[in-house]
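Contents: one structure, followed by commentary.
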Amino acid sequence: MGLLPIIAVVALQIGFLLSGTVITEAIFARGGLGGLLLRATLDRDLPVVQGVVVLAALIYNVVNALADALYALADPRVHLEAPPEAA
Amino acid sequence: MAARLTLRHIALPAAMLLFIALASALASVLTSADPMAVAPAQANEPPTPEHLFGTDQFGRDVWSRTLWGGQRTLTVALVGTLIAIVPGLLIGLAAGYWGGYLDRALMGAADVLLAFPNLLLAMALVALLGYGTHQIALAVGLAGFPAYARVARAAALEVRGTPYVEAARAVGAGRGRIIARHILPNIGATLVAFGAVTFSWSLLNAAALNFLGLGGSISTPDWGIMLADARQAFRVAPWAGAAPGLAITLTVLAANALAEGWQRATQVGAGGRACPQ
């Protein structure tokens, strides 16, 4: 099969990686967004939790939008717009 | 497509999955030990004829717990996968084929769901519907479905731009026909492969949610709960974790092998063999 589903999966994996950092950073005691989120959750520091979640959501969306743009580069026949008669 | 799906490509993994499913379904026949019975005097015993896979830290029979646990774990994983795949496929195909505003709306909704932390979604569901196995299956499905929709959309988007779809449209084929006869068969391999990944992922995700206690009673046998329990006594009684770990590994392996066999059987080329370049 083609390259597009692979790009889609890679973009999804980047998002999953982000949520994986919570566990990794907790286990290996490294400072970062995941550790910050965990500490904020345990301290019930809601504004910080909200901030990290919004940032994560933003990264998810940017990465998926980039993937959409990459589709057109990977296969020039791909158009995100509706074909005239299928709309 | 289905006609070329010969038995030899999928016989081994299918038999393995059937074996695991049957062993779980027939748990009451295959073992007489109570999976919930606690026996502190027999804690952490190595495998013996009486306890085939040994006992865990509470003296519970690991063999019996693995069999009974399979019922719950496999059901949740299967239902979760279906909840992820069916709407994921429909939404992905619609977004990929129609494009434009519909695509933007559907993928926007999928992104919203995707951006929600998985665990938060599961906790919200549990808060709404109470603890239980169904809620875990629903949470796992809802967490997996945007990913499946995105992959299905990418595959449909790619095939939509190919000359043969253009030709089909040019000769006046309807949308339904193009999707069913030209797009679906050509992205089938990708869909099946990602379906197997979704299944494995549902299994592990359900195990994680059960481990956190969102599935209700944590003494109920479940592969994820068993692994979590066994982790604490890993150095003393490695067999307690080996059985559910092996069961999860074998199930995931068989599901992936089944998808690969399917892929090879439906590939363009003679009798399922790879097309010579």
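In what follows, chains are A, B, ... by sequence order, proteins preceding strands, each numbered from 1.
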(message) Could you tell me if the side chain of A:Asp68 sits less than 4.5 Å from the side chain of B:Arg153, heavy atoms only?
(response) yes

Greatest number of non-hydrogen atom pairs under 4.5 angstrom with chain B, of A:Val53, A:Asp75, A:Asn64, A:Leu12, falls to A:Asn64

Rounded to the nearest 0.5 Å, the CZ atom of A:Arg77 sits from the CZ atom of B:Arg160 at a distance of 12.5 Å

Tightest non-hydrogen contact, residues B:Val151 and A:Pro5, listed as CG1-CB, 4.2 Å

